[in-house]
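See structure below.
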Number of protein chains: 2
Amino acid sequence: MTEIDDVDHQLLRMLREDGRRTFSEMAPEVGLSVAAVKRRVDRLRQSGVITGFTVQVDHSKLGWSIEAFVELTYTGTTPVGEIVRTAYKTAEVQAVFTIAGAPDSLVHVRVRDIGHLQHVIDGLRRTGNVTGTKTLMILGSWTRN
Amino acid sequence: MTEIDDVDHQLLRMLREDGRRTFSEMAPEVGLSVAAVKRRVDRLRQSGVITGFTVQVDHSKLGWSIEAFVELTYTGTTPVGEIVRTAYKTAEVQAVFTIAGAPDSLVHVRVRDIGHLQHVIDGLRRTGNVTGTKTLMILGSWTRN
DNA sequence: TCTGAAAGCACCGCCCT
DNA sequence: AGGGCGGTGCTTTCAGA
């Protein structure tokens, strides 16, 4: 576990709000020089606390307006790696969570319409040794910054 | 729904991999000038396809090593806004999904240890008119870039 | 570890095609 | 819509405290 001080937390919070915020903009806010801020952010990347930067996309604006979680249960012999591998080959799968207990995994999917969802679920059913699925249709979502 | 061409998709893919990639770095890859790339990204922000940029953090490196989904069910009279509001006031809540059917919502939480998880779940139980919870402990996860 | 300065680059607005 | 230029600001490195 990496030790982080208050200034680092401030920097992380600012970068969570806007990952393209400049060092020269953040420097006066944390009361350090631009070079010091850069050194800290570089260090956070080096130590693996910051794993990267990314863009946030509104997929509904691109026509992918339906989201769902699919709970999957497998036969007892199915290895975890297999579960993830079969799921992420599917382009519509956004994330895969392996779970302790029942269900065995939770798959976040994003699709264009209901027919498309049906197709993706059918695909998930066919892969691995799926013994059951339950689909949770997402009506709305909120994510912390 | 916004119309997007292949170059825009390329730009989005590159920015998903690294949200701080520069226009001058992307321009030769898509075969356009720097100015043209900037105009396209500006247009994607303007049209709402790009909602922002953010940093990706490895929370386990900071000691928040346990993740779980909590399925919540409410009394029939609980409005959706109430569900989300009570959940996101809790700092440990990363995301809230409102669901069609049962359960009524799915809450993604991140905590330091099991005792902490217990505390957060107790808090969720107390808020609103929760009639039941089910906790899915996350063993591993994979997210598409 | 921080600051400050200098050199290199990217960004951004403007004009032109 | 894309290309190119010039001014401005940011980034990056290095010396010094």
Problem set entry | Neighbour count >12 (heavy atoms, 6.0 Å) for atom CG, Asn145(A) |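 Enclosed.
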
Find the distance [X]:[atom1] to [N]:[atom2] and express it as a whole number of Å.
X        : N       : atom1 : atom2 : result
Arg45(A) : dT12(D) : CZ    : C1'   : 14 Å
Asp42(B) : dC12(C) : CG    : P     : 7 Å
Met26(B) : dG2(D)  : CE    : P     : 14 Å
Asp18(B) : dA10(C) : CG    : P     : 14 Å
Arg40(A) : dT1(C)  : CZ    : P     : 9 Å
Arg21(A) : dG9(D)  : CZ    : P     : 19 Å

Counting side-chain heavy atoms from C-beta on, which of [options] comes nearest to [X]?
X        : options                  : result
Leu32(B) : dG2(D), dT11(D), dT3(C)  : dG2(D)
Phe23(B) : dC11(C), dG2(D), dT3(C)  : dC11(C)
Lys38(A) : dC11(C), dT12(D), dG2(D) : dT12(D)
Ala35(B) : dG3(D), dT13(D), dA1(D)  : dG3(D)

Problem set entry | Aromatic contact, Phe53(B) with Phe53(A) (centres under 6.0 Å) |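 No, the ring of Phe53(B) stays outside the 6.0 Å limit from the ring of Phe53(A), centre to centre.
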
Exercise. Can you find a pair of side-chain heavy atoms, one from Asp104(A) and one from Ile99(A), that are under 4.5 Å apart?
Worked result: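 Asp104(A) vs Ile99(A): side chains apart.
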
Problem set entry | Ser24(A) vs dG9(D): side-chain N/O to OP1/OP2 distance below 4.0 Å | no

For this session: Under 4.0 Å between any heavy atoms, over every strand shown, what does Ala36(A) touch: base, sugar-phosphate, or nothing? Just pick one.
Result: base

For this session: Pick base, sugar-phosphate or nothing for Ser33(A), based on heavy-atom distances below 4.0 Å to the nucleic acid.
Result: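 Result for Ser33(A) = base.
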
Problem set entry | Closest-nucleotide 5' rank along DNA chain C - winner of Arg20(A) and Arg39(A) |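 Going by which nucleotide is closer to the 5' end, it is Arg39(A).
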
Exercise. Between Arg20(B) and Phe23(A), is NZ or CZ placed under 6.0 angstrom from the six-membered ring centre and within 45° of the ring axis?
Worked result: yes

Problem set entry | Qualifying residue, where the test is side-chain hydrogen bond (donor to acceptor under 3.5 Å, both in side chains) with Glu92(B) and the options are His119(B), His116(B), Arg110(B), His108(B) | His116(B)

